[in-house]
2 protein chains.
Amino acid sequence: MVTSKNCIIRLSRYKNALYRLLSLGFLKVFSETLADEVGVTASQVRKDFSLFGISGNKKGGYQIEALLNKLSSILGKDKLQKVIVVGSGHIGTALMKYKGFEKEGIKITAGFDIDPAKCNKSGTVPVLPIGELKDFVKNDAIKIGIIATPDIAAQQVADLMFEAGIKGILNFAPIRIKSPQDSIVNYVNLELELENVIYFVNALNKPLSLSKDSA
Amino acid sequence: MVTSKNCIIRLSRYKNALYRLLSLGFLKVFSETLADEVGVTASQVRKDFSLFGISGNKKGGYQIEALLNKLSSILGKDKLQKVIVVGSGHIGTALMKYKGFEKEGIKITAGFDIDPAKCNKSGTVPVLPIGELKDFVKNDAIKIGIIATPDIAAQQVADLMFEAGIKGILNFAPIRIKSPQDSIVNYVNLELELENVIYFVNALNKPLSLSKDSA
DNA sequence: CTTGTTTTGTTACTTATTTCACAAAATTAA
DNA sequence: TTAATTTTGTGAAATAAGTAACAAAACAAG
């Protein structure tokens with residue numbers, strides 16, 4: 001099994017780029033072209049594909065459609081993924097309304113909040129009391145959850161999610177989550193991302209040295 | 001100059017953990033403790049500090065307050081950072097309203113949108129027509145911008161930002177931005193982060209192998 | 001003052017990731 | 001059919017990142 005997060009992230013990027021190329025009318029693509037599109041080297045593309053047993057045609061490149069099927073299958077995108085969000089503050093609400101997930105086969109089926117005033121069962125994405133989370137997750141066999149609560153609540157919410165059977169969490173709260181062995185937690189920390197930009201802006205514009213890395 | 005994004009991200013994490021420890025009443029900390037708090041090894045902490053010439057006291061650990069000052073200065077957090085947001089859809093609006101930035105010394109001073117109906121000069125964060133971006137950025141000497149537009153608009157918005165003098169961008173649009181040498185673009189792609197969680201949930205729960213990595 | 005203990009700071013080692021380089025396959029042209 | 005050309009696929013080489021180990025400093029206790 002490939003366990004490098006960066007590698008998997010690149011697969012997703014390849015997939016996105018391939019959709020774009022497909023919509024522009026291309027049917028096949030060379031590693032070189034795809035690499036340019038995503039901002040990596042051609043070697044990297046071929047190596048990544050090699051790791052997953054994806055092969056193309058010597059001299060002919062890769063058939064985009066077949067490639068997309070393969071990537072989607074590897075990434076678990078061949079079936080609709082149901083996801084819940086806990087916390088209906090600014091970020092949580094934006095996520096529930098966000099259109100970008102749908103076209104990626106991700107559906108936010110419900111939100112949850114501890115504050116009854118923020119609950120609303122009749123919206124496009126219903127917001128339910130946190131007490132209903134466990135049953136909801138079990139009934140719908142949901143495996144993925146998003147935490148968009150204040151940091152004080154995050155661990156508690158995570159524990160509740162794991163108890164209910166959730167195996168993967170995307171956590172927006174700026175705190176490290178303790179999680180069971182058979183689960184995965186990814187972090188999105190907006191302050192941190194901005195801080196990082198700030199650091200590199202200062203670093204690039206102050207001294208006389210150069211850099212090219214970014215990730 | 002340190003150019004490893006991961007390393008800088010860790011510095012931010014150390015900083016956050018240190019604030020937490022300080023608020024709990026601690027005045028000094030050992031590399032071991034800080035490492036546990038952030039989820040890395042003690043060696044890593046000391047190595048990171050070593051790279052930036054940060055030193056502590058043999059047997060005595062590190063003075064939290066002095067350490068925080070040093071980290072804040074490295075990360076450019078010793079002065080208020082003004083940031084603008086372009087795109088006032090769900091994500092852009094959530095960012096403008098997001099409370100988390102303030103306590104990190106980051107202030108969103110304005111939003112911009114191409115749609116006049118979405119503009120509103122009198123909000124807490126005024127939303128201005130995109131045409132006013134250039135003057136606004138120049139007058140306020142703003143160096144950092146956030147792109148929260150649809151992907152089709154992203155490159156155009158980025159070009160406008162660079163023209164106006166912005167040097168660092170945090171980009172939420174799922175597209176690679178072409179940028180000048182002396183600038184930096186960081187990416188936040190929510191679909192991609194979720195896809196990643198989905199991959200690892202599948203990978204961890206299907207086969208008989210184990211993994212521990214997460215990043 | 002000496003001995004023992006703790007923790008840093010850094011060098012050496014290990015592991016992981018990326019790039020290089022080239023044989024093998026596929027295609028085209030003659 | 002043969003030669004020339006292009007592009008993949010993959011081991012080997014190079015780089016980067018992370019861990020381990022330990023000497024040196026700091027302190028405490030006797």
Side-chain angles (χ1 to χ4, degrees), chain A residues 1-14 18 21 26-64 66-67 70-71 74 196 200 209-215, chain B residues 1-14 18 21 26-64 66-67 70-71 74 196 199-200 203 209-215:
Chain A
M1 188 186 89
V2 177
T3 57
S4 154
K5 176 171 171 173
N6 282 344
C7 180
I8 306 302
I9 291 275
R10 282 196 302 271
L11 292 195
S12 288
R13 295 217 163 106
Y14 300 150
L18 288 166
L21 291 169
F26 293 95
L27 295 177
K28 57 182 202 175
V29 69
F30 298 138
S31 57
E32 184 72 38
T33 317
L34 186 53
D36 283 352
E37 204 65 23
V38 172
V40 300
T41 65
S43 278
Q44 179 92 79
V45 171
R46 296 202 299 274
K47 190 52 157 290
D48 285 340
F49 286 177
S50 168
L51 282 172
F52 288 94
I54 295 175
S55 55
N57 310 102
K58 300 228 159 112
K59 185 125 197 232
Y62 303 82
Q63 295 297 122
I64 294 182
L67 191 46
K70 201 83 194 275
L71 288 175
I74 290 166
N196 196 259
F200 280 104
S209 68
L210 269 176
S211 155
K212 57 196 169 68
D213 132 316
S214 119
Chain B
M1 189 186 90
V2 177
T3 56
S4 153
K5 174 169 174 174
N6 282 346
C7 180
I8 305 301
I9 291 276
R10 282 196 302 271
L11 291 195
S12 289
R13 296 218 163 105
Y14 299 149
L18 288 166
L21 291 169
F26 293 95
L27 295 177
K28 56 181 203 176
V29 69
F30 298 138
S31 57
E32 184 72 38
T33 318
L34 185 53
D36 283 353
E37 203 65 23
V38 172
V40 300
T41 65
S43 275
Q44 179 90 80
V45 171
R46 298 202 298 275
K47 184 68 161 288
D48 286 339
F49 286 178
S50 169
L51 281 172
F52 288 93
I54 295 175
S55 55
N57 309 101
K58 300 227 159 116
K59 184 125 197 235
Y62 304 82
Q63 295 298 120
I64 293 183
L67 191 46
K70 200 83 195 273
L71 288 175
I74 290 167
N196 197 258
Y199 171 83
F200 281 104
S209 67
L210 270 176
S211 157
K212 59 197 167 71
D213 133 314
S214 118

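FYI, side chains are in, hydrogens and waters are out, and symmetry mates aren't considered; it's all heavy atoms of this structure. Reminder, nothing fancy here: chain letters follow the sequence lines and each chain counts from 1. What you are looking at is a predicted structure, and each value in this text was computed from that prediction instead of being measured.
For the OP1/OP2 pair of D/dT19 and a distance below 4.0 Å, the side-chain nitrogens and oxygens of B/Thr41 include at least one atom meeting the criterion. At the phosphate of D/dG18, OP1 or OP2 sits under 4.0 Å from a side-chain N or O atom of B/Arg10.
Atom CG in A/Leu67 sits roughly 13 Å away from atom C1' in D/dT8 (whole-Å rounding). Put simply, CD1 on B/Ile9 is 16 Å from C1' on D/dA17, counting in whole angstrom units. As rounded to whole Å, 11 Å separates atom P of D/dA17 from atom CD1 of B/Ile8.
Under the ring pair (Phe, Tyr, Trp, His ring centres under 6.0 Å) criterion, B/Phe49 pairs with B/Tyr14, B/Tyr62, sequence neighbours left out. Contacts of A/Phe26 classified as side chain to side chain contact (heavy atoms under 4.5 Å, CB included), with partners at least two apart in sequence or in another chain: A/Leu21, A/Leu24, A/Ile64.
Here the CG-CD1 distance, from A/Asp48 to A/Ile9, works out to 12.0 Å after rounding to the nearest 0.5 Å. Note that CZ of A/Arg13 is 8.5 Å distant from CG of A/Asn6, once rounded to the nearest 0.5 Å. Atom NZ of residue B/Lys70 and atom CD of residue B/Gln63 lie 14.0 Å apart, to the nearest 0.5 angstrom.
The minimum heavy-atom distance linking B/Phe52 with B/Cys7 is given by the pair CE1-SG, 3.9 Å. Counting all heavy atoms, side chain and backbone alike, A/Met1 lies closest to B/Tyr199 at CG-OH, 4.1 Å.
DNA chain C lies under 4.0 Å from at least one heavy atom of each of the following residues of residues 27-40 of chain B: B/Phe30, B/Ser31. Near DNA chain D, meaning a heavy atom under 4.0 Å away, the residues from residues 42-54 of chain B are B/Ser43, B/Gln44, B/Arg46, B/Lys47.
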Pairs under 3.5 angstrom only: tabulate donor-acceptor contacts from the side chains of residues 32-46 of chain A to other protein residues two or more places apart or in another chain.
unit_1, atom_1, unit_2, atom_2, d
A/Thr41, OG1, A/Gln44, N, 3.1
A/Arg46, NH1, A/Ser31, OG, 3.1

Which atom pairs link the protein and nucleotides 26-30 of chain C when you take only N or O atoms and keep those under 3.5 Å?
unit_1, atom_1, unit_2, atom_2, d
C/dA26, O4', A/Lys58, O, 3.4
C/dT27, O2, A/Lys59, NZ, 3.2

Give the C-alpha distance, both sets of side-chain angles, the deciding distance and a yes or no for side-chain contact (heavy atoms from CB on, under 4.5 Å) between A/Ile54 and A/Ile74. CA-CA 10 Å; A/Ile54 295 175; A/Ile74 290 166; 3.9 Å; yes
